[in-house]
Chemist: 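So that we are looking at the same thing, I have put the structure below in structure tokens.
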There are 2 protein chains.
Amino acid sequence: MWRAYVDMCRYLLQALDRQFAATGLSSADYELLVPLSEAPGQRLRARDLGRSVHWDRSRLSHQLRRMEQRGLLKRQDCPDDARGVTVHLTPEGRAAIEAAAPGHVETVRRLFVDQLTPEEIDALTTISYRVLSRIAKESLAPGKSVYVATIDQEA
Amino acid sequence: MWRAYVDMCRYLLQALDRQFAATGLSSADYELLVPLSEAPGQRLRARDLGRSVHWDRSRLSHQLRRMEQRGLLKRQDCPDDARGVTVHLTPEGRAAIEAAAPGHVETVRRLFVDQLTPEEIDALTTISYRVLSRIAKESLAPGKSVYVATIDQEA
DNA sequence: GTACCAATGTTGACGTGACAACAAAGAGGC
DNA sequence: GCCTCTTTGTTGTCACGTCAACATTGGTAC
């Protein structure tokens with residue numbers, strides 16, 4: 001059962017990655033573009049962007065650098081905090097996510113959501129929150145509290 | 001719901017990776033060491049090893065190289081097929097998986113299985129096979145038939 | 001045997017993700 | 001002001017995974 005579940009996880013994420021690749025984006029790109037495109041002014045502080053996707057600073061910085069090189073976004077100095085950086089969505093970035101979003105949503109539906117009954121969806125939601133809060137509890141000891149706040153607020 | 005599920009997937013796999021890291025192994029190492037340690041003579045042809053974990057040749061070759069450098073296994077020419085390679089588990093490799101396995105199983109239980117009711121476990125198993133076969137059906141078109149055989153045999 | 005195609009592995013390039021070290025700038029106590 | 005601690009981002013290094021290119025060998029048709 002565990003084996004089947006892990007396989008399902010991996011293959012599902014892999015299939016989504018492949019679908020993204022066909023649009024010239026990756027799931028990492030998409031994950032950043034979504035909060036950026038929803039933000040007022042199409043921009044966010046790197047700090048806030050990182051929090052909204054639960055990434056650590058290093059991972060975010062590397063990904064921003066790669067995406068900036070491809071012209072999907074640009075970084076500017078933050079006016080009110082000299083340490084900070086504001087991330088701006090470029091027209092290219094907006095075009096990219098608008099082109100990729102429908103196909104992505106459709107693929108998630110086709111491969112996953114449409115395979116489930118309403119009861120199964122409810123059950124999976126419940127399970128997800130339960131396991132997430134279990135993992136969060138676990139992470140209190142090593143001092144890693146990245147996603148604890150979010151989970152508390154959702155649960 | 002989709003968001004919660006994806007987060008759960010990622011964080012769960014991430015937590016397992018962290019647990020593995022504490023033992024000096026990775027989940028990729030473990031995935032190869034399991035079939036190797038169960039094989040007669042503690043060795044397998046690279047081809048068969050790759051099939052048993054559903055990896056492509058490139059991924060397997062890279063991982064074997066890294067693991068060989070760490071002394072977990074060694075590669076030898078295959079006697080009956082000059083193209084082939086047989087992968088041998090070393091004593092170090094056997095010691096490593098025997099040291100890591102109990103903690104891994106325990107972590108899977110603690111973070112996941114123990115959080116589920118028997119009904120939920122049944123439901124997840126059913127869902128996993130259903131989604132897997134859906135993804136496999138999808139992969140027929142692009143000619144990718146890596147895991148189709150396995151899924152058929154399991155379902 | 002020869003010619004052609006499939007199967008088996010390896011390699012290099014690149015994107016991704018984790019970890020640790022580092023620099024620069026706020027925040028607070030004194 | 002000054003010292004210290006925290007916050008914010010960047011960078012380098014490494015492991016992992018995918019893709020495409022490549023070399024070698026087996027198998028098959030002729």
Side-chain angles (χ1 to χ4, degrees), chain A residues 9-11 13-22 24-32 44-51 53-70 72-73 75-87 139 142-146, chain B residues 9-11 13-32 44-51 53-70 72-87 139 142-146:
Chain A
C9 267
R10 289 199 206 280
Y11 288 138
L13 295 178
Q14 189 179 348
L16 293 177
D17 277 342
R18 249 199 304 272
Q19 200 276 328
F20 268 128
L25 286 183
S26 68
S27 43
D29 298 330
Y30 188 76
E31 208 158 348
L32 289 192
L44 275 177
R45 268 198 70 164
R47 176 193 52 178
D48 302 324
L49 181 55
R51 282 180 186 158
V53 292
H54 312 312
W55 287 11
D56 68 61
R57 298 192 302 276
S58 168
R59 181 181 175 188
L60 181 63
S61 181
H62 284 301
Q63 187 66 29
L64 288 179
R65 174 178 43 75
R66 289 187 291 258
M67 292 176 71
E68 190 172 26
Q69 284 173 350
R70 290 189 290 148
L72 296 175
L73 48 82
R75 289 184 279 193
Q76 290 181 356
D77 290 343
C78 186
D80 32 304
D81 189 338
R83 295 169 299 180
V85 164
T86 60
V87 181
S139 305
K144 298 270 187 178
S145 57
V146 188
Chain B
C9 268
R10 288 199 205 282
Y11 288 137
L13 295 178
Q14 190 179 345
L16 293 177
D17 278 342
R18 249 199 303 272
Q19 201 275 328
F20 268 128
T23 72
L25 286 184
S26 68
S27 42
D29 298 331
Y30 188 76
E31 209 157 346
L32 290 192
L44 275 178
R45 268 198 70 164
R47 178 193 51 178
D48 302 324
L49 180 55
R51 283 180 185 157
V53 294
H54 312 313
W55 287 10
D56 67 62
R57 298 192 303 272
S58 170
R59 181 181 176 187
L60 181 63
S61 180
H62 284 302
Q63 186 65 30
L64 288 178
R65 174 179 43 78
R66 288 188 291 257
M67 291 174 72
E68 189 172 26
Q69 282 173 353
R70 290 190 288 149
L72 296 175
L73 48 82
K74 56 185 174 180
R75 288 183 282 192
Q76 290 181 356
D77 288 343
C78 187
D80 31 304
D81 188 338
R83 295 169 300 179
V85 164
T86 60
V87 182
S139 305
K144 298 272 190 180
S145 57
V146 188

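All values below were derived from every heavy atom in this structure, side-chain atoms included, with hydrogens, water molecules and symmetry-related copies excluded. Below, read A as the first sequence line, B as the second, and so on, with proteins coming before strands; counting in each chain starts at 1.
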Chemist: How many Å lie between CD on A/Gln69 and P on C/dA13, as a whole number?
Modeler: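 In whole Å, C/dA13 P lies 17 Å from A/Gln69 CD.
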Chemist: Given D/dG9, is OP1 or OP2 found less than 4.0 Å from the side-chain N or O atoms of A/Arg45?
Modeler: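 Looking at the OP1 and OP2 atoms of D/dG9, one of them is under 4.0 Å from a side-chain N or O of A/Arg45.
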Chemist: How long is the line joining CZ of A/Arg10 and P of D/dG17, in whole Å?
Modeler: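 It works out to 7 Å between those atoms.
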Chemist: About how many Å separate NE2 of B/His54 and CG of B/Leu60, when rounded to the nearest 0.5 Å?
Modeler: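 Separation between the atoms: 13.0 Å.
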Chemist: Could you state the interatomic distance from CD (B/Glu68) to CG (B/Leu73), rounded to the nearest 0.5 Å?
Modeler: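 It comes to 6.5 Å.
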Chemist: OP1 or OP2 of D/dT18 less than 4.0 angstrom from a side-chain nitrogen or oxygen of A/Gln14, does that happen here?
Modeler: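 Affirmative; the distance criterion is met.
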Chemist: Look up atom CG in B/Leu44 and atom CZ in B/Arg51, then write down how far apart they are to the nearest 0.5 Å.
Modeler: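 Rounded to the nearest 0.5 Å, the CG-CZ separation comes to 12.0 Å.
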Chemist: Look at atom CG of A/Asp80 and say whether more than 12 heavy atoms of other residues, nucleotides or ligands are closer to it than 6.0 Å.
Modeler: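 Atom CG in A/Asp80 is packed in, count exceeds 12.
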Chemist: With sugar-phosphate meaning primed atoms plus P, OP1 and OP2, does A/Arg75 contact a base, only sugar-phosphate, or nothing at under 4.0 Å between heavy atoms?
Modeler: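 Sugar-phosphate, no base atom in range.
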Chemist: Tell me if the side-chain of A/Arg83 makes a donor-acceptor pair with the base of D/dT7, cut-off 3.5 Å, by modelled atom types.
Modeler: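 Under the 3.5 Å cut-off, the side chain and the base do form a donor-acceptor pair.
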Chemist: Is the phosphate of D/dA15 approached by B/Gln63 (side-chain N or O, under 4.0 Å from OP1 or OP2)?
Modeler: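 No, no such contact exists.
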Chemist: Examine the base of D/dG9 for any acceptor or donor lying under 3.5 Å from a partner atom in the side chain of A/Arg57, and report the outcome as yes or no.
Modeler: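 By the distance-only test, yes, there is a pair.
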Chemist: Here's a test for you: under side-chain hydrogen bond (donor to acceptor under 3.5 Å, both in side chains), which of A/His62, A/Gln69, A/Gln63 qualifies with A/Arg65?
Modeler: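 Of all the options given, the one that passes is A/His62.
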Chemist: For a quick check, tell me whether the side chain of B/Ser58 and the base of C/dT11 share a donor-acceptor pair closer than 3.5 Å.
Modeler: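 Yes, a donor-acceptor pair under 3.5 Å.
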Chemist: Within the 4.0 Å heavy-atom criterion, would you say A/Arg66 contacts the bases, only the backbone, or no part of the nucleic acid?
Modeler: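 Result for A/Arg66 = base.
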Chemist: On the nucleotide D/dT8, are OP1 or OP2 found under 4.0 Å from the side-chain N or O atoms that A/Arg51 carries?
Modeler: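 Answer is yes, contact under 4.0 Å.
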Chemist: Kindly point out which of C/dC19, D/dG26, C/dG9 is positioned nearest to the side chain of B/Asp81?
Modeler: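 Closest nucleotide to the B/Asp81 side chain: D/dG26.
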Chemist: Assign B/Ser26 to base, sugar-phosphate, or nothing according to its heavy-atom contacts below 4.0 angstrom with the strands shown.
Modeler: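 The residue B/Ser26 makes sugar-phosphate contact but no base contact.
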Chemist: Taking any heavy-atom pair under 4.0 Å as a contact, classify B/Arg59: base, sugar-phosphate, or nothing.
Modeler: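 It contacts base atoms.
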Chemist: With hydrogens left out and only the distance checked, is there a donor-acceptor pair under 3.5 Å joining A/His62's side chain and the base of D/dG12?
Modeler: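 Result: at least one qualifying N/O pair found.
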Chemist: Check this for me: does the side-chain of B/Ser61 come within 3.5 Å of the base of C/dT11 through a donor and an acceptor?
Modeler: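 No such pair is found, so the answer is no.
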